[in-house]
Structures are given as C-alpha cells and as structure tokens.
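Contents: one structure, followed by commentary.
Below, chains carry the letters A, B, ... as their sequence lines are ordered, and counting in each starts from 1. As the structure is a computational prediction, the values presented were derived from the model and not from experiment.
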Amino acid sequence: MKIATYNVNGVNGRLPVLLRWLAEAAPDIVCLQELKAPDERFPIEAIRAAGYDAIWHGQKSWNGVAILSRVGSIQETRRGLPGDPDDSHSRYIEAAVNGLLIGGLYLPNGNPRPGPKFDYKLRWFDRLIDHAAGLMASGLPVMLAGDFNVMPTERDVYKPERWTDDALFAPEVRAAYVRLLDQGWTDALRRLHPDEKIYTFWDYFRNAFARDAGLRIDHLLLSPALSERLVRAEVDSHVRGWEKTSDHAPVWIELAEPRRRRPVRQVEETKNGRTAPRTEAGTGTAPARPRRARGRRAEQQP
DNA sequence: ATGGCCATCCGTGATGGA
C-alpha cells in the first residue's frame, strides 16, 4: 500500500499537476494540504474521475486539508484538533482508511518569530502532541502525515545557519517535534534514509530548486504497528520541476501487508530458516520491541 | 542583508507562505 502527502499550494490552481501526479504515481491514499479553497470549491468531480474518493476540510483562501483514497471507504473520525474551540483554521483531518487511522495535518508556518503567529504555532503543536498521545495509546496502526513546517535537524536544511531564528527551525519548534516523536512515532523518510540529503520543499525564489536549496518539512510519522511494515519511503522531487507546480514535492511510503498470524507449523513448512525467526506466530522469537509495538489483539485485552 | 516568486480574492494591490 502506497501512501503519500502533498502540499499542493492551491488545489484548483494545481489541479492539472495533481491529476498528472496521481496518474503517474498511483498512490492508494493521499493527504493534501493547502487547498486554499472553501469546501464548495473542492474539485471532487475531477478527483472522482481520477479514481479517488475524498474527504476535505476547506477554507477560503488559506489552509485546507483533504484525504484521498482509491482503496475503500474513508471513515472520517475527526476534523480540527481538540483543545481550542476558537481555532478557525482548517488544518487537521483524520479518517480510518483500509485498516489504518490517518491524521492529515498542516502545521502553522509561525513566521515571523517572535509574534502571535509563532505563539499560535507552538500552541497548535502542543494540541497536536496531546492528541497524538491518545492515538499512540490506542495501539492502532496510525499515521500522521502532512506539512509539519519543521526541519527536524540540520541535515534537513540546505543552509542551517541561515534558518536558526526562523519559525521552521527555531529551537522550541524542533524540541516540540522531538517531544512528538518521543511518544513512539517513526519518521519514515529518515528511518530508511538515515544519512541522505532529503528535501521536500524548495521555495520559488532565487532558483532554489535548480540549486537544490531545499528544506525537509513534509513528514510521514508511523506508529510501531506501521513502522514494522515500512518498506520504502521516497520524495517525488521531479514533480517540483513541472510547469505550474507546487513549491512542495509529494512524499510517499510503501507499507507491506500486515503480517498474518499463521500457525507455526505452516510457517515452518513454507519458509526456510532465514525468515522463520521473524515470525510472531506464537513462537516467542520475535525481535524485542517497545511495549507499544504489541499487536492490536494484545492491546484490546484488559 | 535583501529580495526574489506564487496563489488567492469581488482583486488591480494586499496578504500569507517558508
């Protein structure tokens, strides 16, 4: 199963690029950010014609998030983060899709720093961390995906020294990202590419894409049950080079099918010794993992 | 250090983005 996140920077202005990328990449599930359109102007007909169902939370001019799927129904579980009834920004949408729980998010930019926008970013981040704690505690296979507007480390910025005071790289914001990950989330791109230069955004100024002056700010975070299914994680950076493109590139992961709990006898008959030790079919030989990583079945027991 | 670009809206510039 292929799952992507893409900050489209205007879903209507970007529709040809979005449809071209959907046809080429054929993701199963997509989180979109920065729709920049009210609910009634979401291009649902074109997206259905491309083979996708969708839910969306729009807003005039700014923000806006959506979840697309071509693999079964989308059961919306939440729109908007809890913790601030006065928050009018459309920045979070959550749904159960194809056996996963997916939170699609667009974290505030926060510039200039300091200032009220930066304060809003930190408060929003705190609300995300609170909500994510509940998702993690559920033991469900959960993914948080979207534009986090945070470069986690110096490796994720083309020129870190120029960004130290920016709201995307400020110490408080990076610390909040660490607090989130410390709940047990896995940064999918970094786990599979620990030392590579990976960017997901290149600004429109100064020929940034051609110079590869980029930032890594779009992330896919996996709960333990999903992290162990992660097989690929990539950035479709060539899309950033298309005409009339977004300043972000699509980012995606590939998840293996959930491992089945087969009888031990069947495992031993069908596999040689190389894979048999990895089974969790009651052999007690599965590799040590954090307690949270136990299967759903175990979590449901009192 | 500055400004560069792009999308949106009852627009002819302002604002937000990162």
In whole angstroms, how far is the [atom2] atom of [N] from the [atom1] atom of [X]?
{"X": "A:Y204", "N": "B:dC5", "atom1": "OH", "atom2": "P", "answer": "13 Å"}
{"X": "A:Q59", "N": "B:dA7", "atom1": "CD", "atom2": "C1'", "answer": "14 Å"}
{"X": "A:W62", "N": "B:dC9", "atom1": "CH2", "atom2": "C1'", "answer": "8 Å"}
{"X": "A:H219", "N": "B:dA18", "atom1": "NE2", "atom2": "P", "answer": "12 Å"}
{"X": "A:D166", "N": "B:dG17", "atom1": "CG", "atom2": "C1'", "answer": "11 Å"}
{"X": "A:R240", "N": "B:dA18", "atom1": "CZ", "atom2": "C1'", "answer": "12 Å"}
{"X": "A:Y120", "N": "B:dA18", "atom1": "OH", "atom2": "P", "answer": "13 Å"}
{"X": "A:R211", "N": "B:dG4", "atom1": "CZ", "atom2": "C1'", "answer": "10 Å"}

Practice prompt. Inspect the contact between A:D187 and A:R216 and indicate whether a charged nitrogen and a carboxylate oxygen are less than 4.0 angstrom apart.
Written response: yes
Item to complete: State whether A:D212 and A:K197 are salt-bridged, where the test is any N-O pair (Lys NZ or Arg NE/NH1/NH2 against Asp/Glu carboxylate O) under 4.0 Å.
Response: yes
Practice prompt. Over all heavy atoms of both residues, which pair between A:A54 and A:I47 is shortest? Give the atoms and the distance, please.
Written response: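 Result for this residue pair: CB-CG2, 4.4 Å.
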Worksheet entry | Closest heavy-atom pair and its distance - A:K121, A:N109 |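 It is NZ-O, 2.8 Å.
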OP1 or OP2 of [N] versus the side-chain N and O atoms of [X]: is any pair under 4.0 Å?
{"X": "A:H248", "N": "B:dG17", "answer": "no"}
{"X": "A:K60", "N": "B:dC10", "answer": "yes"}
{"X": "A:R41", "N": "B:dC9", "answer": "yes"}
{"X": "A:N9", "N": "B:dA18", "answer": "no"}
{"X": "A:N109", "N": "B:dA18", "answer": "yes"}
{"X": "A:Y106", "N": "B:dA18", "answer": "yes"}

Worksheet, complete the sentence: Partner of B:dA1 under the Watson-Crick or G-U wobble criteria, both distances under 3.5 Å, comes out as none
Practice prompt. Tell me the partner of B:dG13, counting only Watson-Crick (N1-N3 plus N6-O4 or O6-N4) or G-U wobble (N1-O2 and O6-N3) with both under 3.5 Å; none if nothing fits.
Written response: B:dC9
Worksheet, complete the sentence: Result for 5'-nearest mapping on DNA chain B, choosing between A:S61 and A:K117, is A:S61
Item to complete: Could you say whether A:K244 or A:L215 is positioned toward the 5' end of DNA chain B, judged by the nucleotide with the nearest heavy atom to each?
Response: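 Result: A:K244.
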How far, in whole Å, is [M] from [N] if one measures between their [atom1] atoms?
{"N": "B:dA1", "M": "B:dG13", "atom1": "C1'", "answer": "26 Å"}
{"N": "B:dT15", "M": "B:dG11", "atom1": "P", "answer": "14 Å"}
{"N": "B:dT2", "M": "B:dT12", "atom1": "P", "answer": "29 Å"}
{"N": "B:dC6", "M": "B:dC10", "atom1": "P", "answer": "23 Å"}
{"N": "B:dG3", "M": "B:dA7", "atom1": "P", "answer": "22 Å"}

Practice prompt. Select base, sugar-phosphate, or nothing to describe what A:D218 touches, counting heavy atoms under 4.0 Å on all strands.
Written response: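 Here A:D218 touches no strand at all.
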Practice prompt. Look at all strands and tell whether A:N149 reaches a base, only sugar-phosphate, or nothing, counting heavy atoms closer than 4.0 Å.
Written response: sugar-phosphate
Worksheet entry | A:N7, nearest nucleotide to its side chain (from B:dG16, B:dT2, B:dA18) |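 Given the options B:dG16, B:dT2, B:dA18, the side chain of A:N7 is closest to B:dA18.
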Item to complete: Between B:dA18, B:dA7, B:dG4, spot the one nearest the side chain of A:K36, thanks.
Response: B:dA7
Fill in: A:W21 side chain near A:P27 side chain, heavy-atom distance below 4.5 Å
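Yes. Closest side-chain heavy atoms under 4.5 Å.
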Fill in: N/O donor-acceptor pair, side chain A:R14 with base B:dT8, under 3.5 angstrom
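Result: no qualifying N/O pair found.
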Worksheet item: Passes side chain to side chain contact (heavy atoms under 4.5 Å, CB included), A:L255 versus A:M143? Steps please.
Response: CA-CA 11 Å; A:L255 294 179; A:M143 177 176 64; 6.0 Å; no
Worksheet entry | More than 12 heavy atoms from other groups under 6.0 Å of CD on A:E243 | no
